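Each remark here refers to the structure printed beneath this line.
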Number of protein chains: 2
Amino acid sequence: MKPTLQDVANAVGVSRSTVSNAYCRPDQLSAALRERILDAARQLDYPGPNPTARSLRRGFVGAIGVLFTSQLSYAFTDPFAVRFLAGLSGAAERHGSALLLVPLPDDPARARAAVENAAVDGFCVYCVGNEEWALDAIRRRALPYVTTAAPEEAHPAHRYVGIDERAAARTVAEHVAALGHRRVALLGDTMLPDAPPGPLRLAAPADVPHPTTRGRLAGFADAFAALGVDWSDLTVLNATGNSRAAGAAAVAATLTGDDPPTAVLACSDVLALGVLDTLAEAGPRLARPVSVTGFDDIAEAAAAGLTTVRQPAEEKGRIAAELLLAPPADPAAGHVLLDTALVVRTSTRPA
Amino acid sequence: MKPTLQDVANAVGVSRSTVSNAYCRPDQLSAALRERILDAARQLDYPGPNPTARSLRRGFVGAIGVLFTSQLSYAFTDPFAVRFLAGLSGAAERHGSALLLVPLPDDPARARAAVENAAVDGFCVYCVGNEEWALDAIRRRALPYVTTAAPEEAHPAHRYVGIDERAAARTVAEHVAALGHRRVALLGDTMLPDAPPGPLRLAAPADVPHPTTRGRLAGFADAFAALGVDWSDLTVLNATGNSRAAGAAAVAATLTGDDPPTAVLACSDVLALGVLDTLAEAGPRLARPVSVTGFDDIAEAAAAGLTTVRQPAEEKGRIAAELLLAPPADPAAGHVLLDTALVVRTSTRPA
DNA sequence: GATCCAGACTGAATCGATTCAGAAGGGGGC
DNA sequence: GCCCCCTTCTGAATCGATTCAGTCTGGATC
């Protein structure tokens, strides 16, 4: 069997407490005895106090959980998410915390279980759609948590770091509108559950379950509404996933069909890059160029000349970690909105 | 205080054991009683068994640790590492395990402590250079572990999944040599501790501490040695970090100087892309084109037309997870070497 | 020489569950 | 009516540490 603290204590002939102190409170015993204890531990191949037992007794774990609603591997596939995680992990590291990436199954019951079984001191919930399940489970565990979007309904313990999605989206839409575009398509990921790729009948932005997408669509709509372009005049295109391929697939039929829109406003850079892929491929067959915008300003956006909205990804992650690990005394400070900036590149041109 | 299992037991008037059974062994009690218990738990806001306590008693945690020798955020910055992690996390998810990303400080003592304090069932050690510290700490804890490179010295418990670095590197070097290149530079990351960026005096590949880089350099050298080009005839360039910028900086002086090499063989795609950046920038000032090769075949490599060696990143991650979570009975099966393929694109041309 | 004190170490309670041998109760078979 | 078995539930041991209120020892103080 693996040796325990007790075994070390027996070997040296001291009490368990003393061995424990040798590890985590050196001032509580003489240096000489401490040396003897550590020597004996080495002799016995004792690897130091068991982390689980320590966590149980101490009441904290030294890890924060990161929850993703979609497949865990999505976390690593989306460039914006990757940068967010980089910021989060850097800050966590500084606070001596590790990151527990928690797979969140689709099935609500199992998702709940995943939250309930995670040994962590708090949760960072990235990109939650309507996952009240998870939030509810977290609250019940009375753990601190932070989300990357403002909550549906305010909750005392709810901290978040986000951007004003709607206002940010409006700026890019206004830019497109100012270029004279009026026949415009809006592209988003999974705007209704199980919706197929391509044109989607959507009564209003408010019908979209995913809060981020909803906010961005609403912002797009605001800009055009201000110019008298009604929501019903806008084309809504659905992508089945936040990937380049899904973006490309979503717009293919519409862009190569009759009377295509003159601009496509995407809810993410990844989708927008997919649109550019489709345009590049369809190239000669197109009647006229189509303007495209993204959202996030990931690295690839610059290379592709994509007009987009920049949001500070790493900083978002860093602040999320800090909100969790060094919570502000003032509860109002638990709600952080970051600045965004419109980045105009070559993918948008006058209509 | 947060309610415990005991509180639920008291509320219902049954024993602690029965409540425990209600959660994890439903067949051990009548359905009716179980319902009553779960109801009471809901009533009391009991969030279910405490994961830490459960882990302590059960003796396993449901998480595997991922160790990175460099900054944790590097994990998210290097595209190859990201794909590896995606594969790893997917497989872990399938086995019901979470991933604990463990920040590994530079200081050996603290690095050791990080390993000792991580509550995990096993470790995946990515990209370990000479971090015997960490491996030793893991072995002492008697936890299973898997590395992404063959170990220095065989150890019974050591499992790994890797590629034949040396042979793979040789194929790309042979390709370059076949194109007639003889004046060649080899580019790697941190080939000697604290080495400055740029040309490096290196007696032999064997002097490089990082095993992956060492293997690749040796493979490059093999190909040229077979043609009579001695190690001392090759230029060695050091990058201070595995990033595009570091790659660009490492080669800048050499490529724009007198008598530049006709080809640069990099130990990673990221570095190679940096070389391409430098070439693009220096463009007109160059006497003649320089061939460039990378290693890994990340997504950006295809877009950049980079000749490189492809290795199956996701599969590597997947196998690593499986080696940990479903260890093969036959210990020999704990050593997996994956196939690689030379991918020739436009970045290599005849000398 | 009695008193006090600081330093070094110990004992026992505690963290929150799981597990397993066994007790109680009820029903079926003969 | 007796025996046995099965289901349902309980009690107590256990996982491996941390913590805190003491105890003990030896030396300084007056």
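This structure is a prediction, so every number in the text was calculated from the model and none was measured. Only this structure's heavy atoms are used, side chains among them; waters, hydrogens and symmetry mates stay out. Residue numbers begin at 1 in each chain, while the letters A, B, ... track the order of the sequences.
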Test ring-ring contact (aromatic ring centres under 6.0 Å, His included) applied to [X] - qualifying residues, sequence neighbours left out:
X        : result
A/His335 : A/Tyr160
A/Phe80  : none
B/Tyr145 : B/His158

*Check: A/Arg83 side chain, A/Glu314 main-chain N or O, donor-acceptor pair, under 3.5 Å*: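 Pair absent, no side-chain N/O of A/Arg83 close to backbone of A/Glu314.
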Can you list, pair by pair, the side-chain donor-acceptor contacts under 3.5 Å of residues 324-331 of chain A, counting residues two or more places apart and other chains?
unit_1   : atom_1 : unit_2   : atom_2 : d
A/Asp330 : OD1    : A/Ala332 : N      : 3.0

_Degree of bending, the helix from C/dG1-D/dC30 to C/dC30-D/dG1 (end axes from five pairs; round to 10°)_ =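 The angle, to the nearest 10 degrees, is 40°.
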*Who are the salt bridge (charged side-chain N to carboxylate O under 4.0 Å, His left out) partners of B/Arg318, not counting sequence neighbours?*
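Per chain and number, B/Arg318 pairs via salt bridge (charged side-chain N to carboxylate O under 4.0 Å, His left out) with B/Glu315, B/Glu322.
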_Contacts of type salt bridge (charged side-chain N to carboxylate O under 4.0 Å, His left out), residue A/Arg159, not counting sequence neighbours_ =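 If we apply the salt bridge (charged side-chain N to carboxylate O under 4.0 Å, His left out) test to A/Arg159, skipping adjacent residues, there are no hits.
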*Any donor-acceptor pair under 3.5 Å joining the side chain of A/Arg57 to the base of C/dT14?*
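Under the 3.5 Å cut-off, the side chain and the base do form a donor-acceptor pair.
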*What residues in residues 5-25 of chain B put a non-hydrogen atom under 4.0 Å from any atom of DNA chain C?*
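Result for residues 5-25 of chain B: B/Leu5, B/Arg16, B/Ser17, B/Ser20, B/Cys24, B/Arg25, sorted by number.
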*Scan residues 27-53 of chain B against DNA chain C and write down, sorted by residue number, each residue with any heavy atom closer than 4.0 Å; if none is found, say none.*
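Heavy-atom contacts with DNA chain C come from B/Tyr46, B/Gly48, B/Pro49, B/Asn50, B/Ala53.
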_For A/Arg140, all residues meeting side-chain hydrogen bond (donor to acceptor under 3.5 Å, both in side chains), sequence neighbours excluded_ =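 With neighbours one apart ignored, the set is B/Asp45.
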*asked:* Strictly by side chain to side chain donor-acceptor pair (under 3.5 Å), give each pair with a member in residues 13-31 of chain B just once, sequence neighbours left out.
replied: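 Counting only pairs at least two positions apart or across chains, the side chain to side chain donor-acceptor pair (under 3.5 Å) contacts touching residues 13-31 of chain B are B/Gln6-B/Arg16, B/Ser15-B/Thr18.
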*asked:* Check this one for me: any side-chain N or O of A/Arg54 less than 4.0 Å away from OP1 or OP2 of D/dT18?
replied: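 So the side-chain polar atoms of A/Arg54 do come within 4.0 Å of the phosphate oxygens OP1 or OP2 of D/dT18, strictly under.
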*Specify the separation, in whole Å, of atom CG of A/Asn117 and atom P of C/dG16.*
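Rounded to the whole Å, the gap is 17 Å.
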*Which salt bridge (charged side-chain N to carboxylate O under 4.0 Å, His left out) pairs, counting each pair once, include a residue from residues 107-122 of chain A, with sequence neighbours left out?*
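For residues 107-122 of chain A, and leaving out neighbouring residues, the salt bridge (charged side-chain N to carboxylate O under 4.0 Å, His left out) pairs sorted by first residue read A/Arg112-A/Glu116, A/Arg112-A/Asp136.
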